[in-house]
Amino acid sequence: MNETIMGIGIIGLLFLSAVLVMVSENKKRKQLLQQKLKNSWGQIPNREYTYEDLHHISQFFLQREKEGFFIDDITWNDLDMDRIFMLINQTFSAVGGDCLYDILRKPVFKEEELKYRNQLIVFFDQHQEIREKVQTILSSVRKSSSSSIYENIHVIKEVKIKGKKAQIGFCSAFFLSLLFFILTPNPGVFFFLLICISNIATYMSQKQEVDAYLSSFRSVLQLLKAYKELEKLKIPELKILMEKGKPVQKKLAGFQKGSSLVIDRSSAGGGLEGMLMDYIRMLTHVDLIKFQDMMKSMKESQNELEDLIYILGYIDSMISIASFRKTLPYYSYPELKEDKKAYMDVKELYHPLVENPVANSISTQGGILLTGSNASGKSTFLKNIAINSILAQTIYTCTASFYRAPYFQVMTSMALRDDLESGESYYIVEIRSLKRILDGAKSDANLLCIIDEVLRGTNTIERIGASSRILIHICKENVLPFTATHDIELSYILQEYYENYHFEEEIRENEVVFNYLLKQGRVTTKNAIRLLEMIGYDKNLIAEAKEAVEEFEASGSWKNVEKVR
């Protein structure tokens, strides 16, 4: 008797110890998460991304139907917006980054939505305790595989297992054979064993197919659980979003009931209870019956699940943007108007990706033609103009002390290269890129277009002739073109329609000093040959090059070059 009591006591102590360890581990994990939330707030993210990471993140935007204007791939890549996304992305859920990426590619053209976003951003900035509670809940939505949550919930193939009716048949056969065995043990036992063996064999042949979809089901359950936990907080500022999620939760209520039969089915080895449940599943196929219901529900609720991803991801994104604002030396809210004329007025504009950036200001109601040498700051400035227009209409944040402009569609033609897959040369790629801008300029919408080195892929004479006409055709009341060029001739040809600005550098002894300050007027300095000299080119070559330039400027024509002996 004493030995029995002692044994029970030891088992009880072991069980209690296991519970205490679990409680301690959970508490430790919560403390680590809380510390991580505090340490990351207002800091530049240090996450590392692979090509595959960005591919999965982008699917929420790329695979869904799109309405209205969005940032196309050319513009996104020209502006290095992946790096902008990575700079802003401080989300903690598996859906936050997906939604933030989607937000950055879809500029908003209505004040109401942008003001609502700003309201949430400011709220989360000012309410640390609530923010951290929300982030803790959102962090429970985790990726259960290499795919994104969006990819997980989109079942793209039929499950190769028997249908629900067949599974109910297996289950019924088991209970009928059990009843037969109880009523007539002999020969009922043989029939019972035959059904058990048949059910187990059939079950095992289908088990692996079902396992492939467990991560999808877990993703759905995580979304539903996180939404329910957020709803319990009853945050007034989130009421509009929470209301949008109620129909989703209602439609998927049946998905949650009994889901543990399927989700926990791989718990073999989890003790006596786990082993018992595994045998019950194999004999009755009860989890496969529930699996069919869950699969059907998930397929029929794709749109609702996308809404749920957006709701949770949207909240996470707003917190991330609030953190991003903390990392900036200064920022401003944009003044956006629904004017039909294109203009821009920005002060102390700086590029968010540049360390120790130089700020510039510009106010214009017409085209801008930008000249200057390589590395003087032209491309960075042009990108900065476009990036801030996008940030203004997506995260309601400008890296400037002041930004005023109408709502813009943004298109660029900058960092182009040969398309090896299609076999198209640089010039073909470039003129296709420019044509989409020309087509965009024909609409009534305001267009901000950025072109770096127009038609650089062809000869000088045709480049100047064609590029000047392209730039004239996009110079409209509703279009604001910014163009950089090395062809100083364009600054004269287009001077009635484009205002000239430039960047310049200063050569001091054997070094080039750039101040990156935008200045009015066309560039007047010529430093290309001087740079060749600094690098150490042959002195005779340098002298001949200078002489050739002087002769051309005097006569307007080039002389034949004599071969050096």
Side-chain angles (χ1 to χ4, degrees), residues 40-49 54 57-58 71 74-91 96-97 99-108 114 117-118 121-122 124-125 316-336 344-362 370 375-405 408 410-412 414-415 448 450 452 482 484 503 514-518:
S40 64
W41 178 252
Q43 301 298 314
I44 295 175
N46 58 3
R47 299 181 190 179
E48 293 184 0
Y49 295 80
L54 291 172
I57 287 169
S58 66
I71 304 300
I74 293 175
T75 302
W76 183 266
N77 293 327
D78 280 349
L79 301 177
D80 207 1
M81 287 298 294
D82 278 338
R83 288 183 63 201
I84 297 292
F85 161 77
M86 289 186 275
L87 181 66
I88 300 173
N89 186 27
Q90 192 70 279
T91 58
C99 187
L100 177 61
Y101 183 96
D102 184 80
I103 286 171
L104 289 172
R105 293 202 68 161
K106 293 179 178 177
V108 174
L114 289 171
R117 289 180 185 181
N118 190 55
I121 294 166
V122 173
F124 284 122
D125 177 34
D316 206 0
S317 297
M318 297 305 109
I319 297 174
S320 180
I321 296 164
S323 179
F324 166 67
R325 285 179 174 178
K326 291 289 186 183
T327 69
L328 300 173
Y330 58 87
Y331 67 90
S332 62
Y333 300 153
E335 291 186 18
L336 297 165
M344 182 175 287
D345 187 7
V346 289
K347 295 178 182 177
E348 298 177 300
L349 183 77
Y350 66 94
H351 197 298
L353 293 177
V354 175
E355 189 176 355
N356 301 318
V358 175
N360 281 293
S361 304
I362 191 168
L370 200 57
S376 60
K378 300 191 305 298
S379 296
T380 300
F381 175 74
L382 292 180
K383 290 179 180 180
N384 199 9
I385 290 288
I387 287 169
N388 268 273
S389 180
I390 293 171
L391 296 183
Q393 292 175 225
T394 55
I395 66 172
Y396 204 66
T397 306
C398 292
T399 56
S401 63
F402 178 80
Y403 177 99
R404 180 170 60 206
F408 275 124
V410 181
M411 300 180 79
T412 67
M414 300 183 73
L448 171 66
I450 308 293
D452 196 4
F482 280 74
F503 287 94
F514 296 104
N515 58 28
Y516 306 112
L517 292 173
L518 182 68

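Count residues from 1 along the sequence. The basis for the numbers below is simple: all heavy atoms, side chains too, and nothing from hydrogens, waters or symmetry mates. Note that this is a predicted model, so its numbers are computed, not measured.
By the side-chain contact (heavy atoms from CB on, under 4.5 Å) test, A386 pairs with L79, V410, T412, I450, sequence neighbours left out. With sequence neighbours left out, P45 forms a side-chain contact (heavy atoms from CB on, under 4.5 Å) with Q90. Contacts of F124 classified as ring-ring contact (aromatic ring centres under 6.0 Å, His included), with partners at least two apart in sequence or in another chain: none. Looking at residues two or more places apart in sequence or on another chain, you find a side-chain contact (heavy atoms from CB on, under 4.5 Å) between N77 and D73. Remark: N388 engages N384, T399 in a side-chain hydrogen bond (donor to acceptor under 3.5 Å, both in side chains) (not counting sequence neighbours). Listed by chain and number, the residues in a ring-ring contact (aromatic ring centres under 6.0 Å, His included) with F408 amount to none (sequence neighbours excluded). Listed by chain and residue number, V122, R325, Y333, Y396 satisfy the side-chain contact (heavy atoms from CB on, under 4.5 Å) test with N118 (two or more places apart in sequence, or in another chain). Evaluation of the salt bridge (Lys or Arg N to Asp or Glu O under 4.0 Å) rule for K347 yields no partner, not counting sequence neighbours. Scored by the ring-ring contact (aromatic ring centres under 6.0 Å, His included) test, Y331 finds no partners at all (sequence neighbours excluded). Partners of D452 by salt bridge (Lys or Arg N to Asp or Glu O under 4.0 Å), not counting sequence neighbours: none found. For W76, the ring-ring contact (aromatic ring centres under 6.0 Å, His included) criterion is met by Y101, not counting sequence neighbours.
L370 contributes atom CG, which lies 9.5 Å from atom CD1 of I385 (distance to the nearest 0.5 angstrom). For the atom pair R47 CZ and N89 CG, the distance stands at 4.5 Å (nearest 0.5 Å). Here CG of L87 is found 7.5 Å from CG of L328. Values are rounded to the nearest 0.5 Å. Interatomic distance, CE of M81 versus CG of L104, reported as 5.0 Å (0.5 Å rounding). Once rounded to the nearest 0.5 Å, the distance linking CG of L100 with CD1 of I57 reads 9.0 Å. Taking NZ from K326 and CG from D125, the interatomic distance works out to 4.0 Å, rounded to the nearest 0.5 Å.
Closest approach of N360 to Y516, counting heavy atoms only: ND2-O, 3.0 Å. Nearest approach of Y403 to A392, heavy atoms of both residues: CE2-CB, 3.9 Å. Residues S332 and A400 approach most closely at OG-O, 2.8 Å, considering heavy atoms. Looking at every heavy atom in both residues, Q393 comes nearest to L336 through CG-CD1, 4.1 Å. Considering every non-hydrogen atom in both E348 and S361, the closest pair reads N-OG, 2.8 Å. What you find for L391 and T397 is that their closest heavy atoms are CB-O, 3.2 Å.
At least one donor-acceptor pair under 3.5 Å links the side chain of R117 to the backbone N or O of T394. Side-chain atoms of S317 come within 3.5 Å of backbone N or O of G96 as a donor-acceptor pair. A distance-only check finds a donor-acceptor pair linking the side chain of S323 to the backbone of G42 [under 3.5 Å]. In this structure, the side chain of D78 engages the main chain of M414 through a donor-acceptor pair within 3.5 Å. A donor-acceptor contact shorter than 3.5 Å links the side chain of T91 to the backbone of G97.
Looking only at side-chain heavy atoms (C-beta outward), C99 and I103 come within less than 4.5 Å of each other. When side chains are defined from C-beta on, L518 counts as touching F503, because their heavy atoms get closer than 4.5 Å. By the 4.5 Å heavy-atom criterion applied to side chains, K383 and T380 are not counted as neighbours.
No more than 12 heavy atoms of other residues, nucleotides or ligands lie within 6.0 Å of CD1 in I44, so this atom counts as exposed by the packing criterion.
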Q) Passes side chain to side chain donor-acceptor pair (under 3.5 Å), D82 versus Y49? Steps please. A) CA-CA 10 Å; D82 278 338; Y49 295 80; over 6 Å; no
Please report, to 0.1 Å, the donor-acceptor pairs under 3.5 Å made by any side chain of residues 349-357, with sequence neighbours excluded.
| unit_1 | atom_1 | unit_2 | atom_2 | d |
| --- | --- | --- | --- | --- |
| Y350 | OH | Y330 | O | 2.5 |
| H351 | ND1 | L353 | N | 3.1 |

